[in-house]
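I have placed the structure first, in the form of structure tokens, so that the comments after it can refer back to it.
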2 protein chains.
Amino acid sequence: MSEFDYQQLDDTIHSRIRLAIMALLVSVESATFVYIREKVKTSDGNLSVHIRKLEDVKYVSSTKKFVDRKPVTTYKISKLGHQAFEEYVNRLSELIIQ
Amino acid sequence: MSEFDYQQLDDTIHSRIRLAIMALLVSVESATFVYIREKVKTSDGNLSVHIRKLEDVKYVSSTKKFVDRKPVTTYKISKLGHQAFEEYVNRLSELIIQ
DNA sequence: ATAAAGTACTTTATAATTTAAAGTACAATC
DNA sequence: GATTGTACTTTAAATTATAAAGTACTTTAT
């Protein structure tokens, strides 16, 4: 059962930064832009671009509101995103575990 | 201990195609260009470029010879490559396993 | 004998992605 | 009221990946 076909790995998830974002989001109920930025240790620009990609494919949803007169964007992983992540982890295991 | 810093993941290894190559190479004594190309299901050009990157950082070594008058390149993972792969898998687990 | 097709790659050009820098729209502080 | 800070977004530049073309043969068919 040892397959080494890299195309089995979801390309949207398999990016170091997006993988970290997804891993974080599956572990929490929801998270703000700033919280994610700090945990993932990246710049605003990077996070903005990458989390947008996850939104584009509907793996993540966002809601925007104001807290203390400041904008706060909160992100949540979707059911589809959850499934995709699980599938990704399974494929990864198949690839790596001998 | 849940960290989501994506920079912990070795960037040379974390590419779907190079990851597949490394996973294959840790599981065998050595492998030819053609064997890898078939297992990893990629084109000659892609394999050539990516395996060269692994060679550049000394994760993989190669030897070229002629068999039946045809060129055959054989690749092996190096000790450094082995360590890097192990380290990569460990970091990946930390990232993914909740 | 020679032309066509195949093997084992390498190189190069184009497309896609990532990263970094600059920009926007405020709020708070000095 | 001018500077600094927050929470992002947009754009441009650098990096990377993929696909196409090229090289140096060998084999097979004509």
- request: Could you work out which one of D:dT18, C:dT19, C:dT10 sits closest to the side chain of B:Arg52?
  value: C:dT10

query: To the nearest angstrom, how far is A:Ile17 atom CD1 from C:dT19 atom P?
result: 6 Å

message: With heavy-atom distances below 4.5 Å as the criterion, would you say the side chains of B:Gln7 and A:Thr42 are in contact?
response: no

- prompt: Within the structure shown, what part of the strands sits under 4.0 Å from A:Thr32 by heavy-atom distance: base, sugar-phosphate, or nothing?
  reply: nothing

For residues 65-77 of chain A, which side-chain N or O atoms pair as donor and acceptor with protein atoms under 3.5 Å away, sequence neighbours left out?
{"from": "A:Thr73", "atom 1": "OG1", "to": "A:Lys64", "atom 2": "NZ", "distance (Å)": "3.2"}
{"from": "A:Lys76", "atom 1": "NZ", "to": "A:Glu29", "atom 2": "OE1", "distance (Å)": "3.0"}

Along DNA chain C (nearest heavy atom to each residue), the more 5'-positioned of B:Val34 and B:Val49: B:Val34

task: Measure from NE2 on A:His14 to P on C:dT18 and round the result to the nearest Å.
output: 10 Å

query: Between A:Ser48 and D:dA7, is there a side-chain N or O to OP1/OP2 distance below 4.0 Å?
result: no

task: Using the test side-chain hydrogen bond (donor to acceptor under 3.5 Å, both in side chains), find all partners of B:Glu87 that sit at least two apart in sequence or belong to another chain.
output: B:Arg91

- prompt: With a 4.5 Å limit on heavy-atom distance, are the side chains of A:Arg18 and A:Lys53 in contact?
  reply: yes

field: B:Asn46 CG to C:dT14 C1', straight-line distance once rounded to whole Å
entry: 13 Å

query: Whole Å only: how far is the CD1 atom of B:Ile21 from the P atom of D:dT18?
result: 10 Å

query: Does the side chain of A:Lys39 reach to within under 4.5 Å of the side chain of A:Ile36, using non-hydrogen atoms?
result: no

field: Interatomic distance where NZ belongs to A:Lys41 and P belongs to C:dT19 [whole Å]
entry: 16 Å

field: Whole angstrom value for the distance that separates P of C:dC9 from CG of B:Asp44
entry: 9 Å

query: B:Arg37 side chain N/O closer than 4.0 Å to the phosphate oxygens (OP1, OP2) of C:dT7?
result: no

Integer-rounded Å distance: C:dT17 C1' and A:Ile13 CD1: 17 Å

message: Need to verify one output field. Residue with the more 5' nearest nucleotide on DNA chain D, B:Arg16 or A:Phe33?
response: A:Phe33

Under-4.0 Å side-chain N/O to phosphate OP1/OP2 contact, B:His50 with D:dT16: no

statement: Under a 3.5 Å limit on both distances, the Watson-Crick or wobble mate of D:dT30 is C:dA1

task: For the residue pair A:Tyr88 and A:His14, categorise the inter-ring angle as parallel (less than 30°), tilted (30 to 60°) or perpendicular (more than 60°).
output: tilted

query: What residues in residues 53-74 of chain B put a non-hydrogen atom under 4.0 Å from any atom of DNA chain D?
result: B:Lys53, B:Asp68, B:Arg69

- request: Provide, to the nearest angstrom, the distance between the CG atom belonging to A:Leu47 and the C1' atom belonging to C:dA21.
  value: 16 Å

query: Quick one: does B:Val40's side chain get under 4.5 Å of A:Tyr6's, heavy atoms only?
result: yes

